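The structure appears below as structure tokens.
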Amino acid sequence: MTRSPNVTIFADKAAACRSLAAELAKLIRETNATGRSVVLGLATGSTPIPLYQELIRLHSEEGLSFSQVITFNLDEYLGLERQHPESYWTFMHRQLFDHVDIPAENIHIPSGTVGDVAAHCAEYEAAIEAAGGIDFQLLGIGRTGHIGFNEPGSPRDSRTRRIELDPVTREDAAPAFGGLDKVPTHAITMGCGTILAARRIGLLAFGAHKAAIVREAIEGPVTDQVSASFLQDHPDACFYLDRAAAGQL
Ligand code: GLP
């Protein structure tokens, strides 16, 4: 018997994102009150956009400051310049960083154009450790069950590294890139082990198209074929679902 992660089912994605944003705001305020920075692991994709919008609202309307927040993004496409419209660097700045008071030096996103990928990945791991480890890691889930870009076959103890994208993942990204041939074939991703080292983990999934993979992640066997299933063995992992994504549980 594996231990089930904590699952909360919300009426809709707006309610889920409001709840998680409030939780993150509390974490930021309480940690900053002790004089420490908060370390957040952040995710891309369409799923966390309403969460980022709510965090921006909390910043502009309720004084939530990101001046002592340090962030590490999960992943980046290899071969894309920062300024590419589909880079995760562009995504994060458009969706969150340009609208809050986070210092630029506190933002960490793997480089898609670095020469020595292995050295860059080792530096990324070292930077997470130097920051004190990740307090809260935000995740989405891909159709292959990936977290970050940990495609099927990613070992539980894997760390930040170069990975070949699954054909399913590239197919899902094709519309945004304007064609499958324009989707990068590789990425840099934090590993499953990097993610599982976070003190708390929150996975967001919304919509009926996520229901089957959400069921596999929560109720299926713990397997490297569905990297999100590793969350079953984490002491503080929570799934924030809407009713549709929870429809097969
Ligand atoms: C990409 C990202 C993942 C994300 C997934 C799902 O593969 N690397 O971090 O969870 O897409 O995207 P969406 O939220 O748009 O369904």
Side-chain angles (χ1 to χ4, degrees), residues 10 12-14 16-17 20 40-54 71-80 84-92 94-96 108-112 121 124 134 136-154 158 160-177 180 182-192 194-196 198 201-218 226-231 237-242 244-247:
F10 294 87
D12 54 35
K13 64 180 171 186
C17 288
L20 180 52
L40 301 181
L42 296 180
T44 54
S46 55
T47 305
I49 291 176
L51 172 73
Y52 295 150
Q53 288 171 346
E54 176 64 4
T71 65
F72 289 89
N73 262 81
L74 283 165
D75 45 16
E76 179 60 283
Y77 290 109
L78 267 173
L80 298 195
H84 189 287
E86 291 304 319
S87 80
Y88 286 164
W89 196 93
T90 295
F91 175 96
M92 287 308 303
R94 280 206 190 131
Q95 300 297 339
L96 180 65
H108 304 83
I109 303 174
S111 166
C121 293
Y124 205 71
I134 294 172
F136 186 100
Q137 176 65 57
L138 175 66
L139 299 174
I141 185 168
R143 212 161 28 119
T144 61
H146 69 214
I147 48 178
F149 270 135
N150 287 285
E151 299 290 21
S154 293
S158 51
T160 303
R161 68 204 188 287
R162 177 178 188 267
I163 189 142
E164 181 172 3
L165 297 177
D166 191 277
V168 170
T169 300
R170 294 189 65 238
E171 199 180 289
D172 285 349
F177 277 89
L180 186 59
K182 298 195 181 69
V183 182
T185 56
H186 291 78
I188 291 179
T189 184
M190 276 189 202
C192 295
T194 321
I195 292 167
L196 293 169
I201 300 176
L203 187 149
L204 292 174
F206 307 131
H209 63 297
K210 296 284 170 89
I213 196 66
V214 161
R215 175 175 43 77
E216 277 191 62
I218 296 174
V226 179
S227 62
S229 70
F230 290 140
L231 300 184
C238 186
F239 281 68
Y240 301 74
L241 309 176
D242 66 0

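Counting starts at 1 for both ligands and their atoms, in listed order. Owing to the predicted nature of the structure, the values given are computational and were not obtained by experimental measurement.
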Looking only at heavy atoms, what is the nearest atom pair of [X] and [Y], with distance?
{"X": "F149", "Y": "A187", "result": "CD1-CB, 3.5 Å"}
{"X": "T160", "Y": "C121", "result": "O-CB, 3.2 Å"}
{"X": "H84", "Y": "T90", "result": "O-OG1, 2.9 Å"}
{"X": "E151", "Y": "I163", "result": "N-CD1, 3.8 Å"}

Indicate yes or no: at least one non-hydrogen side-chain atom of S111 is less than 4.5 angstrom from one of E76. no
Determine whether T71 and L96 make a side-chain contact, defined as any pair of heavy atoms from C-beta on separated by less than 4.5 Å. no
For ligand 1, list all ligand N or O to protein N or O distances below 3.5 Å, rounded to 0.1 Å.
{"unit_1": "ligand 1", "atom_1": "7 (O)", "unit_2": "H146", "atom_2": "NE2", "d": "2.8"}
{"unit_1": "ligand 1", "atom_1": "8 (N)", "unit_2": "D75", "atom_2": "OD2", "d": "3.0"}
{"unit_1": "ligand 1", "atom_1": "8 (N)", "unit_2": "Y88", "atom_2": "OH", "d": "3.3"}
{"unit_1": "ligand 1", "atom_1": "10 (O)", "unit_2": "I141", "atom_2": "N", "d": "3.2"}
{"unit_1": "ligand 1", "atom_1": "14 (O)", "unit_2": "S46", "atom_2": "N", "d": "3.3"}
{"unit_1": "ligand 1", "atom_1": "14 (O)", "unit_2": "T47", "atom_2": "N", "d": "3.0"}
{"unit_1": "ligand 1", "atom_1": "14 (O)", "unit_2": "T47", "atom_2": "OG1", "d": "2.4"}
{"unit_1": "ligand 1", "atom_1": "15 (O)", "unit_2": "S46", "atom_2": "N", "d": "2.8"}
{"unit_1": "ligand 1", "atom_1": "15 (O)", "unit_2": "S46", "atom_2": "OG", "d": "2.7"}
{"unit_1": "ligand 1", "atom_1": "16 (O)", "unit_2": "K210", "atom_2": "NZ", "d": "2.6"}

